[in-house]
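All values below were derived from every heavy atom in this structure, side-chain atoms included, with hydrogens, water molecules and symmetry-related copies excluded. Treat the numbers as computed from the prediction; the structure is a model and nothing was measured.
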There are 2 protein chains.
Amino acid sequence: MKNIVVSDLTLRRMPKYLHFLRPLQKLGHEFTSASEISRALGIHHTQVRKDLALTGVRGIPKVGHRVDDLIKAIEEFLNWNNSTDAFLIGTGNMGAALLGYDGFNKTNIKIVAAFDADPKTIGREVNGYRVMNIDKCANLVERMHVHIAILTTPTVVAQEVTDMLVGAGILAIWNFTPIKLVVPKDVIVEDAELYSSLAVLSRKLTDVLASV
Amino acid sequence: MKNIVVSDLTLRRMPKYLHFLRPLQKLGHEFTSASEISRALGIHHTQVRKDLALTGVRGIPKVGHRVDDLIKAIEEFLNWNNSTDAFLIGTGNMGAALLGYDGFNKTNIKIVAAFDADPKTIGREVNGYRVMNIDKCANLVERMHVHIAILTTPTVVAQEVTDMLVGAGILAIWNFTPIKLVVPKDVIVEDAELYSSLAVLSRKLTDVLASV
DNA sequence: TAGATTGTTAATCGATTAACAATC
DNA sequence: TAGATTGTTAATCGATTAACAATC
């Protein structure tokens with residue numbers, strides 16, 4: 001079984017559709033249209049149609065798309081209907097925030113354990129998770145067949161921890177550190193890119209203030 | 001004075017260059033080349049050259065670019081050499097993480113106050129900030145001439161809080177909620193898009209697992 | 001039916017990559 | 001000098017937008 005390959009830009013739009021559709025569903029709206037989604041999210045209506053078509057849903061001319069169907073189709077497309085166990089490495093500010101974040105229950109990510117190297121935090125409870133010694137991580141990745149790691153360590157140890165994770169058999173890393181990780185080419189790394197939107201914001205604000 | 005307009009994709013690459021260059025500087029390397037940056041970050045060398053050219057730096061043929069100059073030029077380009085006061089709204093998990101995040105001292109963002117609507121957290125100290133009542137926010141935005149707001153509220157109140165901020169004169173919002181905010185067209189909104197990279201990761205991992 | 005909406009194919013636009021001249 | 005690197009202009013590629021036929 002082989003899925004069609006979809007561009008990153010398309011994939012990045014998918015969660016936006018979900019975040020627009022879920023409140024609609026809650027309000028009891030049965031149908032919506034590509035044009036309505038287009039207007040609400042500022043995405044061209046043709047683009048919306050193409051994106052939705054990739055998920056396999058079909059709309060009804062003059063009526064639109066069934067909201068329930070769209071949500072289900074997008075969730076299946078992203079595999080957010082099945083939960084996938086993940087380890088979180090590094091229980092600093094960002095790590096702790098993600099451990100406590102309840103938005104993940106709408107995705108496939110389920111954090112099942114949290115690790116840290118600092119003896120002072122090992123054994124402590126952080127947002128409901130007992131922090132484990134990072135020395136036990138590699139062993140547990142193999143034994144529990146965990147595929148995803150969320151990397152929220154300090155930047156300086158990020159590559160070293162990555163090497164350990166890859167060696168243990170991790171297939172995908174959600175990278176919250178700002179550096180480019182070096183991994184074998186069959187390992188997936190997705191950068192959260194926290195600084196990217198700040199860079200865009202900073203520059204645009206500078207433009208606005210300069211033009212005054 | 002008017003800055004040249006630069007595409008978002010280019011702006012998003014700028015912090016990556018910085019994160020590669022700063023450790024080089026620390027190691028005492030005086031020069032680097034576009035090809036070295038290209039290899040390290042997986043960005044085409046022509047792309048790197050064009051991006052760097054936008055910041056105004058000139059390299060020396062056969063030698064490369066002075067690391068110090070590059071860092072300085074990119075920081076100036078993003079206005080990260082001047083600090084800009086920002087308010088943070090919503091001291092939940094993500095808000096608290098950002099308040100404690102020390103990575104911001106390398107950017108222009110300086111959080112000067114944190115607000116929340118929950119009486120239980122107002123007055124409490126979170127990562128060094130005394131949480132203020134959100135009722136006082138609009139007034140303080142005007143009095144302190146704050147331009148940037150970091151939005152880390154629950155999703156349901158995000159639009160309402162945005163309206164308040166815009167009414168008070170905020171010019172730019174760094175949006176950590178997943179919804180599309182409605183603002184007048186001269187107000188800048190940059191979405192942190194936390195779910196986007198997760199969507200890419202989820203789909204790619206599904207592809208890999210499906211092909212096994 | 002007429003009109004609104006879907007969904008596809010063609011055209012455009014912009015970003016990336018290739019080619020190459022300039023230079024220390 | 002020869003070679004490595006810069007920086008620019010041209011070609012390619014892919015994403016977005018426009019046009020339009022199909023349909024309930």
> Is there a donor and acceptor pair closer than 3.5 Å between the side chain of B/Lys50 and the base of D/dT6?
Replying inline: no

>> Between the side chains of A/Glu190 and B/Lys204, is the shortest nitrogen-to-carboxylate-oxygen separation below 4.0 Å, so that they form an ion pair?
In response: yes

>> Looking at A/His65, I'd like to know whether one of its side-chain N or O atoms comes within less than 4.0 Å of OP1 or OP2 on C/dG7.
In response: yes

> Side chain of B/Gln47: nearest nucleotide among C/dT16, D/dT16, C/dT6?
Replying inline: C/dT16

>> What contact category does A/Thr46 fall into here, base, sugar-phosphate, or nothing, at under 4.0 angstrom with non-hydrogen atoms?
In response: base

>> Whole angstroms only, please: what is the CG-P distance between A/Leu54 and D/dA15?
In response: 11 Å

> For D/dT16, does OP1 or OP2 lie under 4.0 Å from any side-chain N or O of A/Arg13?
Replying inline: yes

> Starting at the 5' end of DNA chain D, which residue's closest nucleotide do you reach first, A/Ile43 or A/Ile60?
Replying inline: A/Ile43

> Got more than 12 heavy atoms from elsewhere within 6.0 Å of CD, B/Glu160?
Replying inline: no

> How close or far is atom P of D/dG7 from atom NE2 of B/His45, stated in whole angstroms?
Replying inline: 13 Å

> So, are B/Arg13 and B/Asp51 salt-bridged, with charged N and O less than 4.0 Å apart?
Replying inline: yes

> Stepwise, does the side-chain contact (heavy atoms from CB on, under 4.5 Å) test hold for B/Leu209 with A/His147?
Replying inline: CA-CA 10 Å; B/Leu209 295 176; A/His147 298 317; 4.1 Å; yes

> Taking OP1 and OP2 of C/dA18, is either one under 4.0 Å from a side-chain nitrogen or oxygen of B/His44?
Replying inline: yes

> How is the base pairing of DNA chain C summarised as a dot-bracket string, given the Watson-Crick and G-U wobble criteria with both distances under 3.5 Å, [ ] for crossing and | for another strand?
Replying inline: ..||||||||||||||||||||||

>> What contact category does B/Ser7 fall into here, base, sugar-phosphate, or nothing, at under 4.0 angstrom with non-hydrogen atoms?
In response: sugar-phosphate

> C/dT6 P sits how many Å from A/Glu36 CD, rounded?
Replying inline: 10 Å

>> Nearest whole Å is fine: how far is D/dA15 C1' from A/Asp51 CG?
In response: 11 Å

> Between atom CZ in A/Phe31 and atom C1' in C/dA4, what is the gap in whole Å?
Replying inline: 14 Å

>> Rounded to whole Å, how long is the line connecting atom CG of A/Asp69 with atom P of C/dT6?
In response: 14 Å

> B/Glu75 and B/Leu18: side-chain contact (heavy atoms from CB on, under 4.5 Å), yes or no, with the steps?
Replying inline: CA-CA 8 Å; B/Glu75 284 178 348; B/Leu18 280 180; 4.1 Å; yes

> Would you call A/Asp207 and A/Arg203 a salt bridge, taking side-chain N to carboxylate O under 4.0 Å as the test?
Replying inline: yes

>> For the aromatic rings, using the six-membered ring if either is Trp, is the centroid distance between A/Tyr101 and A/Phe104 under 6.0 Å?
In response: yes

> Got a donor-acceptor contact below 3.5 angstrom from the B/Asn175 side chain to the B/Thr177 backbone?
Replying inline: yes

> With respect to the side chain of A/Lys62, which nucleotide from C/dG3, C/dT6, D/dT6 is positioned closest?
Replying inline: C/dG3

> C/dG7 phosphate, OP1 or OP2: any side-chain N/O from A/Arg58 under 4.0 angstrom?
Replying inline: yes

>> On DNA chain D, compare the nucleotides closest to B/Ala53 and A/Leu9; which residue's is nearer the 5' end?
In response: B/Ala53

>> So, OP1 or OP2 of D/dG7: does either fall under 4.0 Å of a side-chain N or O from B/Arg49?
In response: no

> Rounded to whole angstroms, how far apart are CG on A/Leu52 and C1' on C/dT8?
Replying inline: 15 Å

